[in-house]
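These numbers were taken from a predicted model, which means no experiment stands behind them.
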Amino acid sequence: MTIDQYLQTIADKRVAVIGAGVSNLPLVRLLREADIDVTVHDKKDAAALGEIYDTLTALGVATVLGEHYVDALDEDVIFRTPGLHPRFLEHARARGAQITSEMELFFAVCPCRIIGITGSDGKTTTTTLVCEILKHAGHTCHLGGNIGAPLLPQVRDMQPTDLAIVELSSFQLMGMQYSPSVAAITNLSPNHLDYHADFNEYVQAKTSIFTHQDEGDRLILNYDDEVSRTLSLNQSSEVAYCSKNTMVQDGVFLKDGILYAASHGVARALLRAEEIRIPGAHNVSNVMMAAAICEGLCSDADIRAVAREFPGVPHRIELVREKDGVRYYNDSIASSPTRTIAGLNSFANKVILIAGGYDKHIPYDVLGLPICEHVKTLILTGATAPKIRDCVAQAQSAEKPTLYDATDLADAVRQAAALAHMGDVVIMSPASASFDCFKNFVERGETFKTLVNAL
């Protein structure tokens, strides 16, 4: 089915789009261009939406705004925003409304092969690496999903020979009835428990990425991750693994500092881990995952070329500047303890860490010992500051970092600069979401870079 054919099927329907964010505007425009009756529901009022509200009005879109924005959903088709849990739409589903999403529609109408990547950590870097490797191999690639621009408005320009490289969040995957032909899960650890009922629901959402795969479709998992290794699999999927500890029969593994690609037990050397440009053991895992995903779609030379030159993705252990012999790193993407642990493991010496932020109700006990081992000065801010302080206090370690409290990120940067000496590393790796003070991790990272560059 093409996008135009789909639009014809709902031409006489009343359509609701939940969420007036920038990412949904292309969908709204697409629907209105087809002269479809659209109502946008959003928790914000007109004043808070600002220019977006003006745009919706100009498009002839009706709006339902405010705290009760989903109370009276009576449309025939409802496009759910990823940020709204499906349980809030159960009444609408019960009365017969069709519940879908921008991403689910994209899967239904995309004319080319889709490669999908999800996971708790590393999915953006892995997704970007995959796109860069496949572009290096000569493919026309469309990068999107949870990263970059929405893909749905691009489908008319996509060709069957193209490749869509899609990062998928647990929010997007909940209830999905489609799976990509190549799917990958980087790892699974507790995350977004302010949204999901529990860790099991989070894992079930992630596994939707392969639940609907067909015969011949590929699935790549992290063999070193216990949760991923013990998932109940779709028997149609051809499964490959990545491992830094085990010589897998199919996939990519690390042995004696060399990455090997394996197929039916036959292995070939790809490159040495030390050749990978972006720092950190977790980025070795990301390159391994990307290489396994790209198997059969590129040459080993393509993988080597990108691994040696790829500088990394912004807000992921991003070097901001060096001032007075002190290096400042932006790791704003680190919205969970496991991400921060990976960042800390990237440095040989103890660092000055700025951490804390919005509380997603996830456990922090795993963070205490790594902070004691890798951090000499800890500056805390935000709602999760008490949790991080407690996990450090309870860690079984003779050496504890010196702790400081900061009123906000600006105060934290000022304190870090005052405490740092030549040769030190200052890293903002919050182990927390950004929503207490920022729209998202990107805004938080950009703010951090602005503050550092102003020192």
Side-chain angles (χ1 to χ4, degrees), residues 3-110 144-156 166 168-178 195 435 438-440 442-443:
I3 183 61
D4 294 309
Q5 288 170 336
Y6 172 78
L7 292 172
Q8 288 175 12
T9 68
I10 62 169
D12 59 346
K13 307 292 185 183
R14 296 173 60 245
V15 175
V17 176
I18 301 178
V22 174
S23 62
N24 266 345
L25 281 180
L27 170 62
V28 172
R29 286 195 177 95
L30 190 68
L31 294 168
R32 289 300 298 139
E33 286 169 3
D35 201 28
I36 292 170
D37 181 358
V38 179
T39 300
V40 169
H41 297 248
D42 196 280
K43 191 174 184 178
K44 295 178 180 177
D45 60 21
L49 288 174
E51 292 182 3
I52 292 177
Y53 179 77
D54 295 337
T55 300
L56 295 175
T57 301
L59 289 170
V61 174
T63 55
V64 176
L65 307 177
E67 288 292 327
H68 302 287
Y69 69 111
V70 293
D71 288 358
L73 285 165
D74 62 356
E75 290 85 357
D76 306 304
V77 180
I78 299 173
F79 283 87
R80 177 182 71 89
T81 182
L84 183 72
H85 196 286
R87 65 176 175 270
F88 294 107
L89 301 175
E90 289 174 359
H91 178 72
R93 189 188 300 276
R95 66 165 179 78
Q98 176 192 339
I99 311 296
T100 186
S101 67
E102 182 265 346
M103 182 53 64
E104 187 157 27
L105 177 55
F106 170 72
F107 268 73
V109 302
C110 180
N146 200 45
I147 177 178
L151 288 170
L152 185 60
Q154 303 177 38
V155 292
R156 289 191 179 106
V166 186
L168 295 162
S169 69
S170 61
F171 308 152
Q172 291 169 317
L173 285 165
M174 282 201 79
M176 277 277 285
Q177 300 301 307
Y178 297 90
Y195 178 95
F435 310 127
F438 306 97
K439 289 189 298 185
N440 49 46
V442 174
E443 184 180 77

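Side chains of I18 and D42 form no contact here, defined as non-hydrogen atoms less than 4.5 Å apart. Side-chain contact between V70 and H91 is absent, with no heavy-atom pair separated by less than 4.5 Å. The side-chain heavy atoms of L65 and Y53, taken from C-beta on, include a pair separated by under 4.5 Å. With contacts defined as side-chain heavy-atom distances shorter than 4.5 Å, the pair T39/V17 does not qualify. Counting only heavy atoms from C-beta outward, the side chains of L7 and I3 approach each other to under 4.5 Å.
Looking at every heavy atom in both residues, Y69 comes nearest to H41 through O-ND1, 2.7 Å. Closest of all the heavy-atom pairs between L31 and I10 is CD2-CD1, 3.9 Å. A pairwise comparison of heavy atoms in A20 and L56 identifies CB-CD1, 4.1 Å as the closest pair. Between A97 and I78, the closest heavy-atom pair is CB-CD1, 4.0 Å. When all heavy atoms of V155 and C110 are compared, the closest pair comes out as CG1-CA, 4.4 Å. Taking every heavy atom of both residues into account, E102 and P150 meet most closely at OE2-CB, 3.7 Å.
Of the possible polar contacts, one joining the Q172 side chain to the S169 backbone as a donor-acceptor pair under 3.5 Å is found. The closest donor-acceptor contact from the side chain of N24 to the backbone of G19 lies under 3.5 Å. Formation of a donor-acceptor pair under 3.5 Å by the R29 side chain with backbone atoms of E33 is not found in this model. A donor-acceptor pair is defined here as one N or O able to donate and one able to accept, closer than 3.5 Å; no such pair exists between the side chain of E90 and the backbone of P86. Under a 3.5 Å cut-off, the side chain of T81 and the backbone N or O of L84 do not form any donor-acceptor pair.
When each of V15, V28, L25 is checked for a side chain to side chain contact (heavy atoms under 4.5 Å, CB included) with V61, only V28 meets the rule.
With sequence neighbours left out, F107 forms a ring pair (Phe, Tyr, Trp, His ring centres under 6.0 Å) with no residue at all.
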The test is salt bridge (charged side-chain N to carboxylate O under 4.0 Å, His left out); show your working for D37 and K13 and say whether it passes. CA-CA 7 Å; D37 181 358; K13 307 292 185 183; over 6 Å; no
Would you sort out whether F79 and L105 count as a side chain to side chain contact (heavy atoms under 4.5 Å, CB included), showing the intermediate values? CA-CA 9 Å; F79 283 87; L105 177 55; 3.9 Å; yes
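Here CD of E104 is found 12.0 Å from CG of L152. Values are rounded to the nearest 0.5 Å. The distance from the CZ atom of R87 to the CZ atom of R93 is 14.0 Å, given to the nearest 0.5 Å. K44 NZ to E67 CD: the interatomic distance, rounded to the nearest 0.5 Å, is 12.5 Å. To the nearest 0.5 angstrom, L168 atom CG is 14.0 Å from M174 atom CE.
Residue pairs meeting the salt bridge (charged side-chain N to carboxylate O under 4.0 Å, His left out) criterion with at least one partner in residues 68-78, sequence neighbours excluded, are R14-D74.
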